[in-house]
Amino acid sequence: MSHHVFRRAGVLAATVAATGLLGAGIASAHVTANVYGDQPAKGGYGTIFFRVPNEDAKLGTIKVEIDVKPDYGIGNIRTKPIPGWTAEVTKSKLPQPVTTASGTKITEAVTKVVWTAQPGTKIGSTEFQEFEISGGPLPSNVDQLEFPAIQTYEGGKVVDWNQPTPPSGEEPEHPAPTIKLAAAESSEHGGHTQTTAAGENAEAASSSDNTARWLGGAGLVVGALGLGVGAGAVLRSRRPAAGKTEGNK
């Protein structure tokens, strides 16, 4: 009886775990914005990866569009080449200039990035693709960046990923890709202080190393002199003894 009970419990647990994983996989199958490594900082530059999975069992994804809000005032964005895809970055005149953290006024900013598959290329039904952008300066007056996206399939099917996540945190059906921004980086003064301290430590270490080498060399010289003196004393002590021996003969 106990073995049957444990066996059933194990099967039930495995089923629940598999169901949970399956549900998580389905829930996460949407266009997302990701960061690998350090989080982009406010007012700085950063690299973002848009992960685009294919959700249609029969149709492939052939086009991906990312909208960049003009309010962000991101003046420069570059794309990483992907075999079989062409990328186009669109800039637009801003109604009002945006001032960056460094005081620069941006009058023209990136508002859209589009990747289009070349003939014979697509994201298949069980595949995904990552589209990488790098740019800035990022806005310093927001805590996160939101990039509404449009995914186009073969045959003209279009899916919008543009719904903001509410304050409650409940994920909408088609959430917009979002990344959080880290706090603005410290001023150059702190970096200069660290660099100076590192230089002083390196100089001190070099000085100590030179001193140690000098002392070591001096020690070798003194040791050599000591050996020479000792050898001379031994020779002098042996010569009289040899003279006496000859006299006795």
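Given the structure is predicted, the values throughout are model-derived calculations rather than measurements. Throughout, numbering of the chain's residues begins at 1 and tracks the sequence.
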Please check: side-chain N/O of [X] versus main-chain N/O of [Y], any donor-acceptor pairing under 3.5 Å?
X    : Y    : answer
E154 : L59  : no
N54  : T61  : yes
T126 : G124 : no
Y72  : E146 : yes
Q151 : V52  : no

Tell me whether [X] shares a hydrophobic cluster with [Y], the cluster being built from Ile, Leu, Val, Met, Phe, Trp, Tyr side chains joined at under 4.5 Å.
X   : Y    : answer
W85 : F49  : no
V35 : L138 : yes
I77 : I106 : no

Validation row: [X], [Y] side chains within 4.5 angstrom (heavy atoms):
X    : Y    : answer
T178 : T165 : no
V31  : F131 : no
I48  : F147 : yes
V98  : D71  : no
V114 : T90  : no
V159 : Y153 : yes
L94  : T107 : no
F50  : I66  : yes

So, for [X] and [Y], which heavy atoms are closest and what is the spacing to 0.1 Å?
X    : Y    : answer
P172 : P166 : CD-CD, 4.4 Å
W115 : E132 : CZ2-O, 4.2 Å
I74  : P139 : CG1-CD, 4.3 Å
I179 : N34  : CG2-N, 4.3 Å
Q129 : I123 : CB-CD1, 3.6 Å
A57  : S125 : O-CB, 3.5 Å

Handout entry: Heavy-atom neighbours of Q96 CD exceed 12 at 6.0 Å
Key =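 Not buried by this count: 12 neighbours or fewer within 6.0 Å.
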Exercise for the section: Please state whether the rings of W161 and H30 are parallel, tilted or perpendicular, taking 30° and 60° as the class boundaries. Expected result: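 W161 and H30: tilted rings.
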Hey, could you give me the [atom1]/[atom2] distance between [X] and [Y], rounded to the nearest 0.5 Å?
X    : Y    : atom1 : atom2 : value
T152 : K63  : OG1   : NZ    : 6.0 Å
I62  : K157 : CD1   : NZ    : 12.5 Å
K180 : Q144 : NZ    : CD    : 5.0 Å
N76  : I133 : CG    : CD1   : 12.0 Å

Handout entry: Pairs flagged by salt bridge (charged side-chain N to carboxylate O under 4.0 Å, His left out) wherever residues 87-111 is involved - sequence neighbours left out
Key =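 Qualifying pairs, neighbours excluded: none.
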